[in-house]
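All values below were derived from every heavy atom in this structure, side-chain atoms included, with hydrogens, water molecules and symmetry-related copies excluded.
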2 protein chains.
Amino acid sequence: MMPGLKLDRIDLKILAKLQQAGRITNVELADAVGLSPSPCLTRVKRLEQAGYITGYGAHINLRKLGEFLTIFTEVTLSEHRRGDFSRFESRIFKLDEIVECHLVSGGYDYLLKFVTRGVSHYQSIIEGMLESDYGIEKYFSYVVIKSPFIKHHFPIQNLFGQNLSGSAGASHD
Amino acid sequence: MMPGLKLDRIDLKILAKLQQAGRITNVELADAVGLSPSPCLTRVKRLEQAGYITGYGAHINLRKLGEFLTIFTEVTLSEHRRGDFSRFESRIFKLDEIVECHLVSGGYDYLLKFVTRGVSHYQSIIEGMLESDYGIEKYFSYVVIKSPFIKHHFPIQNLFGQNLSGSAGASHD
DNA sequence: CAAGCCACAGCATTTTATGCCGCGCCTACC
DNA sequence: GGTAGGCGCGGCATAAAATGCTGTGGCTTG
């Protein structure tokens, strides 16, 4: 089990702030959460170390880089033995155009998110997957016409129901 | 139409690097892309200004913050007039737990991504949406069992098919 | 009630950000 | 073909930030 690390109200404020302003300076962050820079930086380092913060990234406006096509694909595997899942997962992980993979309950097994240069690009990837042995029984594609919004930051605070007084123990990795 | 801004090989390297290391220092970034700090910072500012970079964020490990439930929901609207869509979009945008909204072609209208504290939390949100007049005809939920991977950074380079020699004009916002 | 521990603020040093300047290259106009 | 202008670069100087150290106050524990 991991260190566990007790998160107080300030830690959550730090996480919330960094989530929506990842490049904020430590000085500003410290001011925003009501600490001086030193202990603030210490907390950030600890949060990174403990795995609460897994990385930082810039949000790139894909549309300005050219025409891209986002597609959600439902996938059903032909076999459901132990190993079929992990084999499928590790293989599609190598495909750069598949940016998300979710195992879901419901009518199919996986929901995949593709970002491609267009339908023909997508088509060639899918064909490659079908020709090789990914174990796909059937699939269905939903082409994204537009994405009205994608929130890169959900409100951590709200998800705790305003209950930011106590501490939140951690667990499972 | 926007400035347009011509992106060269170096700009794309900057975008790629910032996408996967958003908190990198300008000195390190400059070194990574083969520039000195001054022109590198100038380029970053310009990319931000021109909207290629829309923001920065930390990636938070939700699982360590407690039990959260991710759910993908297919939604079909009961009416498809002009205005029904935008009204739906602007209303669900206000719901913190809905973190993504995609208009898709295929069997239904919208694919939504929820992040909730659990099924009952999800249930209460859905009920609220049905009671108020969101214009939902029917919906179907896919509960995420696990997410084998979510790539916060797709390879910009690859999506251009290695063709990073020339320049890429921009367009539509 | 006293001793130890923890987290904080303040300070000093190193590193980074950022504006300014001069140089070389590429272009366009003469 | 030569020259003037503009653009983008590297280097430098100054301001700001990161980061490690130290002392202090509050809280816990014996």
Checklist entry - Can you find a pair of side-chain heavy atoms, one from A/V75 and one from A/F140, that are under 4.5 Å apart? => result no

Item to check | Atom-pair distance (CG on A/L35; P on C/dA7), nearest Å | outcome: 12 Å

Checklist entry - Hey, does A/S36 reach any base, or is it just sugar-phosphate, or nothing, if we go heavy atoms under 4.0 Å? => result base

Checklist entry - So, for A/Y134 and A/G128, which heavy atoms are closest and what is the spacing to 0.1 Å? => result CE1-O, 4.3 Å

Item to check | A/I10 CD1 - C/dC6 P separation (whole Å) | outcome: 18 Å

Checklist entry - Are OP1 or OP2 of C/dC8 and a side-chain N or O of A/R43 less than 4.0 angstrom apart? => result yes

Item to check | Salt-bridge present (B/R43, B/E48; N to O < 4.0 Å) | outcome: no

Checklist entry - Distance only, no hydrogens: is a donor on one side chain within 3.5 Å (strictly under) of an acceptor on the other, for B/T76 and B/Y110? => result no

Checklist entry - Can you check the A/N26 CG to C/dA17 P distance for me, whole Å? => result 14 Å

Checklist entry - Counting just side-chain N and O atoms, does B/S38 come under 4.0 Å of either OP1 or OP2 of D/dG11? => result no

Next on the checklist: What is the separation between atom NZ on A/K45 and atom C1' on C/dA7, rounded to the nearest whole Å?
Outcome noted: 18 Å

Checklist outcome for this item: Taken to the nearest whole Å, CZ/B/R23 to P/C/dT16 is 14 Å

Checklist outcome for this item: Between CD1 of A/I24 and P of C/dT16 the distance, given in whole Å, is 20 Å

Item to check | Spacing between A/E48 atom CD and D/dA18 atom C1', to the nearest angstrom | outcome: 13 Å

Next on the checklist: Measuring from the side chain of A/P39 (C-beta onward, heavy atoms only), which nucleotide among D/dA18, C/dC8, D/dG10 has the closest atom?
Outcome noted: C/dC8

Checklist outcome for this item: note: A/L41, atom CG; D/dT19, atom P; distance rounded to Å ~ 5 Å

